[in-house]
Amino acid sequence: MHIAGTVIHAPSRGELEVIDDACVSVNREGVIESVTQGEAPTDALTLAPGTFLLPGLIDCHVHAPQWPQMGTAYDLPLNEWLQQCTFPMEAKYSDLDFAAASYSSLIDTLLENGTTTATYYGSIHVAATQLLADIAKEKGQRAYIGKVAMDNPDQCPDFYRDASTTAAIDGTRQLVEYIRSLGTDRVQPVITPRFIPSCTDDALAEFGRMASEYDCHVQTHCSESDWQHHYVLERHGLKDTQSLDRFGLLTDKTVLAHGVLIDDEDMTTIRSSHSGIAHCPLSNLYFSNAVFPARRALDRQLKVGLGTDIAGGASASVLDNAAMAINMSRALEEGVDATAAQVSRGVDDTRIDFRDAFWMATAGGAEVLGLNAGTFAPGNVFDAIVLDTTVAASDLRVWGDDSAEDVLQKAIYGANQNNIATVWVQGEKVKG
Ligand code: GUN
Ligand code: FE
């Protein structure tokens, strides 16, 4: 397959590359063989004027069972939100019909938005999480999926808790083995201790051993909010990164959601373990009490991608989160309290721009997951979207003298799912 048109991607952080008259050639396995410029083969699919080929968007942190609740309940702090709204919602996934309807709707919506890869938390239920994997496979989305583990009776309610530590461990094992038996590389298992408060030390230690035994991904929440950060300090006398590290849970396949409160020492720990961070700017606005220092993390060469954190964030769109990552970094740099003196209102040198945000939405997310994707480099999988700037049902308006960089910038702020004309995952068309 050959696709001819204008390519926009971010081969390295802070840098965009625009290739006019490009031809991307993809082999039968869905892997990019070459990117050439100039004359394309006659059988090439040629993109229409006003459309652009972009890497697929990567969402590094989604709570699949929270989909029905997105857009509600943002007036509570994190732990009350979990106990009063989120755990009751997730408990409903013991019902497989409900799970099937919700998960189908979620994956359809993410694909419509151009999300070619998503990293999912499931519920505590093995069967519903297996169903999530089946639906991702059937719909063709690249998906990293874990059964959420929460076995700590002190923090998890009777109605929504693993029956025992053994059940949390065995259920996790069952899910890993089930996903590995699906016979597709596109769906991968993830060991998923919800966060330290939800899990006993026995479970956390076993998950660390399992991560190395299976050599598979790990995801958890790290230093997300003041309450959570201090809970871990009190229980373990350690910060999240230190505690996770001693359990063997910081690996080069670990995705740490949020990380808002990480300091320089945490960044060093994360960098030396080659773990990645899912930056969830919309969610952080409500649940984190602070702004994630994205620029500092990127400058220290941490791996950082974006996460919608559905339903902690009220948008399913990675582009919306890219825009919010820029917005929140500006608030951090400038400060937000108008009564404070201007010189001390914000934090110097913390802003990111649309290039950084787009990088996190694509290549940065791929780096977090250890995936050969996110740019159009030969050898990468062809996970891609066509951005259509000509559709009427959108606020995205392009004018004659807009450059391709202008188009991308406008798309981050103004594109909606109508502007995502085509979506491919590993060369297979899943939208359009
Ligand atoms: N910490 C533990 N569970 C959750 C969750 O579901 N969402 C967010 N944002 N933080 C969490
Ligand atoms: Fe989360």
Side-chain angles (χ1 to χ4, degrees), residues 1-9 19 21-36 40-59 62 103-120 132-145 182-188 316-319 361-363 365-366 369 371-391 393-394 396 408 411 415-432:
M1 171 168 77
H2 310 280
I3 293 138
T6 300
V7 160
I8 309 176
H9 66 165
I19 314 172
D21 299 318
C23 177
V24 179
S25 297
V26 180
N27 70 19
R28 274 176 210 286
E29 281 75 49
V31 174
I32 298 168
E33 286 213 313
S34 63
V35 181
T36 55
T42 47
D43 62 345
L45 170 74
T46 301
L47 300 187
T51 67
F52 299 83
L53 188 67
L54 271 50
L57 303 170
I58 297 180
D59 189 337
V62 184
Y103 289 160
S104 293
S105 162
L106 171 63
I107 294 181
D108 285 344
T109 307
L110 296 193
L111 287 172
E112 286 293 323
N113 277 284
T115 301
T116 48
T117 298
T119 310
Y120 292 110
L132 176 61
D134 294 343
I135 294 169
K137 181 182 173 188
E138 177 206 317
K139 294 186 182 291
Q141 191 180 42
R142 195 180 298 286
Y144 293 77
I145 296 174
L182 286 177
T184 170
D185 285 348
R186 278 201 232 168
V187 183
Q188 294 283 339
S317 158
V318 174
L319 290 178
T362 54
L369 295 167
L371 186 59
N372 291 322
T375 70
F376 292 102
N380 276 2
V381 288
F382 185 70
D383 288 9
I385 60 179
V386 173
L387 174 74
D388 184 350
T389 64
T390 68
V391 296
S394 169
L396 173 57
L408 181 71
N416 65 39
Q417 54 176 259
N418 298 320
N419 297 108
I420 311 295
T422 313
V423 179
W424 291 274
V425 178
Q426 197 136 355
E428 184 195 337
K429 198 188 277 191
V430 292
K431 173 180 179 177

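Throughout, residue positions are numbered sequentially from 1 according to the sequence presented. Every value quoted in this text rests on a predicted model; they were computed, and no experiment measured them.
Atom CG of Leu371 and atom CG of Asn380 lie 8.0 Å apart (nearest 0.5 Å). Distance check: Thr116 OG1 to Leu57 CG gives 6.5 Å after rounding to the nearest 0.5 Å. Between Ile385 atom CD1 and Leu54 atom CG the span is 5.0 Å, to the nearest 0.5 Å. Between Leu47 atom CG and Leu387 atom CG the span is 10.5 Å, to the nearest 0.5 Å.
For Lys137, there are no salt bridge (charged side-chain N to carboxylate O under 4.0 Å, His left out) partners, not counting sequence neighbours. Considering only residues two or more places apart in sequence or on other chains, Thr36 meets the side-chain hydrogen bond (donor to acceptor under 3.5 Å, both in side chains) condition with none of them. Remark: Ala133 pairs with Ile145, Ile179, Leu182, Val187 by the side-chain contact (heavy atoms from CB on, under 4.5 Å) rule, at least two apart or across chains. Taking the side-chain contact (heavy atoms from CB on, under 4.5 Å) definition, one finds that Asp388 meets it with Thr51, Thr390, Val391, Ala421, sequence neighbours left out. Under the side-chain contact (heavy atoms from CB on, under 4.5 Å) criterion, Ala363 pairs with Trp359, Thr375, not counting sequence neighbours. Residues passing the side-chain hydrogen bond (donor to acceptor under 3.5 Å, both in side chains) test with Ser25, sequence neighbours excluded: His2. Listed by chain and residue number, nothing satisfies the salt bridge (charged side-chain N to carboxylate O under 4.0 Å, His left out) test with Asp134 (two or more places apart in sequence, or in another chain). Remark: Asp21 engages no residue in a side-chain hydrogen bond (donor to acceptor under 3.5 Å, both in side chains) (not counting sequence neighbours). Residues that satisfy the salt bridge (charged side-chain N to carboxylate O under 4.0 Å, His left out) test with Asp59, not counting sequence neighbours, are absent from this structure. Looking at residues two or more places apart in sequence or on another chain, you find a side-chain contact (heavy atoms from CB on, under 4.5 Å) between Gln188 and Tyr144, Asp185. Residues satisfying the side-chain hydrogen bond (donor to acceptor under 3.5 Å, both in side chains) test with Asn27, not counting sequence neighbours, are none.
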Distance-only donor-acceptor hits, side chain of residues 424-432, under 3.5 Å, sequence neighbours excluded:
residue: Gln426; atom: OE1; partner: Arg142; partner atom: NH1; Å: 3.3
residue: Gln426; atom: OE1; partner: Arg142; partner atom: NH2; Å: 2.9
residue: Gln426; atom: NE2; partner: Glu29; partner atom: O; Å: 3.1
residue: Glu428; atom: OE1; partner: Arg186; partner atom: NH1; Å: 3.2
residue: Glu428; atom: OE1; partner: Arg186; partner atom: NH2; Å: 2.7
residue: Lys431; atom: NZ; partner: Glu112; partner atom: O; Å: 3.0
residue: Lys431; atom: NZ; partner: Glu112; partner atom: OE1; Å: 2.8
residue: Lys431; atom: NZ; partner: Gln417; partner atom: O; Å: 2.9
residue: Lys431; atom: NZ; partner: Ile420; partner atom: O; Å: 2.8

